[in-house]
Q: 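Structure below; questions to follow.
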Amino acid sequence: MRISKSFIPTLKEVPTDAVIPSHVLMLRAGLVRMLSAGIYSFLPVGYKMVKKVSDIIREEMDAIGGQEFHLPALNPKEIWEETGRVEAFGDTMFHLKNRDYVLAPTHEEIMTYHSKGVLKSYKDLPQIWYQIQTKFRNEARPRSGVIRGRQFLMKDSYSFDKSFEALDESYDLHDKAYRKIFERCGIDFFVVGASSGAMGGSKSEEFMVQSDAGEDTVAHCKTCGYAANVEVAKSVPAEVKSTGDKKEVYEIHTPNVKSIDELCEFLSIHEQETAKSRVYIVDDKPVLILMLGNDEVNETKLESVLGASVRPGHPEELKKITGADAGSIGPVGFTHRIIADERLKGLYNLFSGANKNDYHIGGIDLERDVTDIEFADLRTAETGEKCVRCGKEIDVFKAIELGHIFKLGTKYSEGLGANFLDESGIAKPLVMGSYGIGVERVLACYIEQNYDEKGIVWKKEFTPFDIQLLALNIKKDAVREVADKLYDDLGDKGYEVLYDDRVDAQAGFKFNDADLMGVPIQIVVGERNLKENKVEYKVRKTGERDLVAIDELYSKIEELTSNL
RNA sequence: CGGGGCGUAGCGUAGUCCGGUUAGCGCGCCUGCUUUGGGAGCAGGAGGUCGCAGGUUCGAAUCCUGCCGCCCCGACCA
């Protein structure tokens with residue numbers, strides 16, 4: 001492709017609205033342009049990469065027996081009402097104003113609709129149906145460029161099986177295919193397993209990429225691969241022991257001491273000698289949560305312990321329930337349910353609030369002084385703590401969800417009445433799985449993981465072009481002749497070449513554009529080296545560059561390519 | 001949806017607090033000449049509803065009111 005005849009609008013300056021590296025570079029390298037918040041147009045080179053991702057996905061989906069569909073994005077609302085998802089999606093679903101249609105945010109209903117009455121017998125199963133299609137979600141806050149948009153490309157597939165055992169197989173096939181897809185796209189990913197309790201214990205796995213732009217926080221152990229959303233992640237924090245003789249409880253006057261830090265300073269004690277109190281309201285009843293020192297309550301864990309949703313108590317409620325304001329609340333004398341984090345188990349001589357403003361209590365032994373105290377894992381895992389599985393250190397960081405595989409079960413087949421006859425002639429709902437990949441996210445995540453101060457760094461298996469050929473000062477006939485010939489010859493040899501044949505662009509301009517666009521190998525044809533019958537090559541990733549005789553260029557390129 | 005920031009030429013911005021000629025600058029763009037291995041030089045030129053609407057004023061990019069759009073943080077995320 002000749003740049004002089006192409007639309008690749010590169011930008012020297014950073015657009016103000018872009019913040020994260022992938023967004024900045026996708027804009028600067030001319031891959032995308034924004035149309036509206038969360039709505040992006042893909043330009044030729046960007047679309048080329050979208051197609052590349054899609055092709056990789058297609059190959060791997062076809063390899064596990066997937067069959068590609070193309071479903072409508074415009075759906076009758078009625079079909080979504082049958083499964084109750086118009087309400088479930090709420091404002092996230094786009095509705096048309098002049099007809100009862102919605103824009104599909106995903107396609108479980110439509111795929112299930114098509115399976116109904118068609119997958120009639122167990123003999124028709126299993127099936128894997130997929131598509132790569134635009135989805136619409138009215139995100140309250142689109143962000144991070146293409147990573148969270150109101151309109152985005154998604155590969156979604158659905159498996160139909162005769163039993164949950166058979167579903168396990170379809171699920172495993174997807175698990176393997178997904179790993180191949182992300183590996184082929186050069187993504188450094190990890191897998192977070194979760195048994196999502198809310199949906200009836202179905203198994204699901206999320207394919208994640210570490211990134212500050214991520215919306216999930218996960219704990220990950222590089223040693224053994226343990227990974228979990230921080231909302232549920234377990235960890236082994238450093239052990240804490242109490243010291244000294246066991247004392248009896250005693251009251252201390254602590255004027256204006258509210259936080260754990262203030263308490264520690266006032267009494268010259270360590271935060272691990274304190275128990276912090278938090279009052280939550282559950283089903284209109286208060287529960288006191290005790291955490292060691294400054295450990296924060298993990299509300300998700302708390303909710304799963306209690307089996308109900310919680311909210312922090314309002315200041316007025318706290319006063320009414322405990323007789324004190326936040327900062328002076330404690331377990332001794334608290335008359336409602338008390339749950340302490342496991343880390344507090346076995347500790348004594350603890351300090352906590354006295355349920356009386358400006359007073360704290362010392363010498364607390366929770367098991368001795370608090371009747372009916374319960375213990376549970378209520379804290380949030382943090383970097384540096386030990387992995388529950390292998391004991392090595394875990395990392396806690398932000399991550400982007402690239403793909404999600406999910407054992408759906410019969411929710412949609414039941415909702416839409418998609419049944420089949422089993423071996424004994426009994427009608428049963430199809431057992432389904434649902435599996436998604438954010439196509440543009442793959443692209444953005446790749447860039448998040450592969451760039452430097454000059455621009456994008458594509459890798460040889462995952463690049464819009466194999467070679468970027470730069471003809472410097474192309475007004476010189478000698479340069480043009482050689483560069484034109486190289487362009488033709490490299491093309492004939494099967495390389496995809498991006499040819500910078502712009503007449504008016506200076507050398508430096510072309511170099512910087514090439515580095516920005518990130519094609520793995522650059523070949524530079526300039527008058528200077530042509531006198532020696534040589535051209536220059538440069539490896540984008542390493543910056544390695546050298547001169548090579550023109551007749552040795554092809555073998556050099558082969559060598560470079562195989563070493564990349 | 002809550003909090004914060006921003007909106008001036010294709011991009012990046014000055015000017016806004018404290019109203020006053022023709023809205024300035026860099027990049028990019030067009031024409032010509034020169035230059036040609038790390039984002040060129042000279043000369044000439046085009047390009048603006050100062051986000052939109054209303055108001056105050058002799059006079060509004062600038063002050064007031066309402067709206068729209070974009071970014072960031074948070075909430076939300078089948």
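Everything quoted here is computed from the prediction, not taken from an experiment. Chain identifiers are assigned alphabetically (A, B, ...) following the order of the sequence lines, protein sequences preceding nucleic acid strands; residue numbering begins at 1 within each chain.
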Q: Within this structure, what is the CZ-to-C1' distance between A:R85 and B:C77, rounded to whole angstrom?
A: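 From A:R85 CZ to B:C77 C1': 13 Å.
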
Q: Rounded to the nearest 0.5 Å, how far apart are CG of A:L43 and NZ of A:K48?
A: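 That separation rounds to 14.0 Å.
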
Q: Starting from C1' on B:A78, measure out to CZ on A:F406 and report it in whole angstrom.
A: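 It works out to 9 Å between those atoms.
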
Q: Could you measure between the two P atoms, the one in B:G48 and the one in B:G24, and give it in whole Å?
A: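 One P to the other, the span is 13 Å.
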
Q: Would you measure the distance from the P atom in B:C6 across to the matching atom in B:A14 and give it in whole Å?
A: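 Looking at atom P only, B:C6 and B:A14 are 10 Å apart.
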
Q: Crowded around A:R311 CZ? As in, over 12 foreign heavy atoms under 6.0 Å?
A: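 It does: A:R311 CZ has more than 12 such atoms within range.
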
Q: Under 3.5 Å between N/O atoms: give me all the protein pairs with nucleotides 32-36 of chain B, atom names plus distance.
A:
residue, atom, partner, partner atom, Å
B:U35, O4, A:K475, NZ, 3.1
B:U36, O2', A:N473, ND2, 3.0
B:U36, N3, A:N473, OD1, 3.3
B:U36, O4, A:K475, NZ, 3.4

Q: For the C1' atoms, the ones on B:G32 and on B:A23, what distance do you get once it is rounded to whole angstrom?
A: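 29 Å, rounded to whole Å.
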
Q: In whole angstrom, give the distance that lies between atom CD1 of A:I39 and atom P of B:G69.
A: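 Going from CD1 in A:I39 over to P in B:G69 covers 11 Å.
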
Q: Taking only the C1' atom of each, what is the distance from B:C11 to B:G28 in whole angstrom?
A: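 These two C1' atoms come out 7 Å apart once rounded.
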
Q: I need the single residue from A:R278, A:K301, A:R379 that forms a salt bridge (charged side-chain N to carboxylate O under 4.0 Å, His left out) with A:E296. Which is it?
A: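 In the set A:R278, A:K301, A:R379, the residue that makes a salt bridge (charged side-chain N to carboxylate O under 4.0 Å, His left out) with A:E296 is A:R278.
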
Q: In whole Å, I'd like the distance from the CD atom of A:E87 to the P atom of B:C76.
A: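 In whole Å, B:C76 P and A:E87 CD are 19 Å from each other.
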
Q: For B:G12 and B:A75, measure between their P atoms and round to the nearest Å.
A: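 It works out to 30 Å between them.
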
Q: Kindly compute the distance separating CD (A:Q522) from NZ (A:K510), expressed to the nearest 0.5 Å.
A: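 That separation rounds to 12.5 Å.
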
Q: What distance separates A:T380 OG1 from A:K234 NZ, expressed to the nearest 0.5 Å?
A: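 It comes to 12.0 Å.
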
Q: With RNA chain B as reference, determine whether A:G38 or A:L516 sits nearer its 5' end, using the nearest nucleotide of each.
A: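 Checking each residue's closest nucleotide, the 5'-ward one belongs to A:L516.
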
Q: Tell me the interatomic distance from A:R143, atom CZ, to B:G74, atom P, rounded to whole angstroms.
A: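 Interatomic distance, CZ of A:R143 to P of B:G74: 7 Å.
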
Q: Tell me: CD of A:E231 to C1' of B:C76, nearest whole Å?
A: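 It is 12 Å, rounded to the nearest whole Å.
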
Q: Working to the nearest 0.5 Å, report the span between OG of A:S157 and CD of A:E68.
A: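 Answer for the OG-CD pair, A:S157 versus A:E68, is 11.0 Å.
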
Q: Does B:G12 have OP1 or OP2 sitting under 4.0 Å from an N or O in the side chain of A:T16?
A: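 Yes, A:T16 has a side-chain N/O under 4.0 Å of OP1/OP2 on B:G12.
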
Q: Starting at CD of A:E215 and ending at C1' of B:C72, how long is that distance when rounded to a whole Å?
A: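 The answer, rounded to whole Å, is 13 Å.
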
Q: Determine the interatomic distance between C1' on B:G51 and the same-named atom on B:A60; round to the nearest Å.
A: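 Going atom to atom, C1' in each nucleotide, I get 16 Å.
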
Q: Could you grab the distance from atom CE of A:M208 to atom NZ of A:K398, nearest 0.5 Å is fine?
A: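 Reported value, rounded in 0.5 Å steps: 10.5 Å.
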
Q: Determine which bases of RNA chain B form Watson-Crick or G-U wobble pairs with both distances under 3.5 Å, and write the result as a 5' to 3' dot-bracket string with | for other-strand partners.
A: ((((((((.[[[[.)....(...]]]].((((((.....)))))).....[[[[[..)....]]]]])))))))....

Q: Check for a donor-acceptor pair, side chain of A:D466 on one end and backbone N or O of A:Y495 on the other, with a separation under 3.5 Å.
A: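 Checking the backbone N and O of A:Y495 against the side chain of A:D466, no donor-acceptor pair under 3.5 Å is found.
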
Q: Going by the side-chain contact (heavy atoms from CB on, under 4.5 Å) test, name the single residue among A:I147, A:L31, A:L443, A:I456 that passes it with A:S22.
A: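 When A:I147, A:L31, A:L443, A:I456 are each tested with A:S22, the side-chain contact (heavy atoms from CB on, under 4.5 Å) holds only for A:I147.
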
Q: Taking 4.0 Å as the cut-off, does a side-chain nitrogen or oxygen of A:S36 come that near to OP1 or OP2 on B:C70?
A: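 Checking B:C70 against A:S36, a side-chain N or O does come within under 4.0 Å of OP1 or OP2.
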
Q: Residues in salt bridge (Lys or Arg N to Asp or Glu O under 4.0 Å) with A:K459, at least two apart?
A: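 Applying salt bridge (Lys or Arg N to Asp or Glu O under 4.0 Å) to A:K459 gives A:E461.
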
Q: What contact category does A:T83 fall into here, base, sugar-phosphate, or nothing, at under 4.0 angstrom with non-hydrogen atoms?
A: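 The residue A:T83 makes no contact with any strand.
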
Q: Please identify each residue that fulfils side chain to side chain donor-acceptor pair (under 3.5 Å) with A:E299, with sequence neighbours left out.
A: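 Residues passing side chain to side chain donor-acceptor pair (under 3.5 Å) with A:E299: A:Y280.
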
Q: Test side chain to side chain donor-acceptor pair (under 3.5 Å) on A:W80 and A:N75; report intermediate values, then the result.
A: CA-CA 8 Å; A:W80 288 85; A:N75 293 180; 3.0 Å; yes

Q: Looking only at atom P, what distance separates B:A61 and B:G7, rounded to whole Å?
A: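 These two P atoms come out 16 Å apart once rounded.
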
Q: Which whole-number value in Å describes the distance from A:I8 CD1 to B:G10 P?
A: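 It is 23 Å, rounded to the nearest whole Å.
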
Q: I'd like a table of atom pairs between the protein and nucleotides 1-9 of chain B - only N or O on both sides, under 3.5 Å - with the distance next to each one.
A:
none

Q: Below 3.5 Å is the cut-off: list the nitrogen or oxygen pairs between protein and nucleotides 23-31 of chain B, distance only.
A:
residue, atom, partner, partner atom, Å
B:G26, N2, A:E13, OE1, 2.8

Q: Pick the P atom in B:A43 and in B:U62, then give their distance to the nearest Å.
A: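 Pairwise P distance, B:A43 against B:U62, rounds to 35 Å.
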
Q: Going from NE2 on A:H174 to CZ on A:F207, what distance comes out if it is rounded to the nearest 0.5 angstrom?
A: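 Rounded to the nearest 0.5 Å, the NE2-CZ separation comes to 10.5 Å.
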
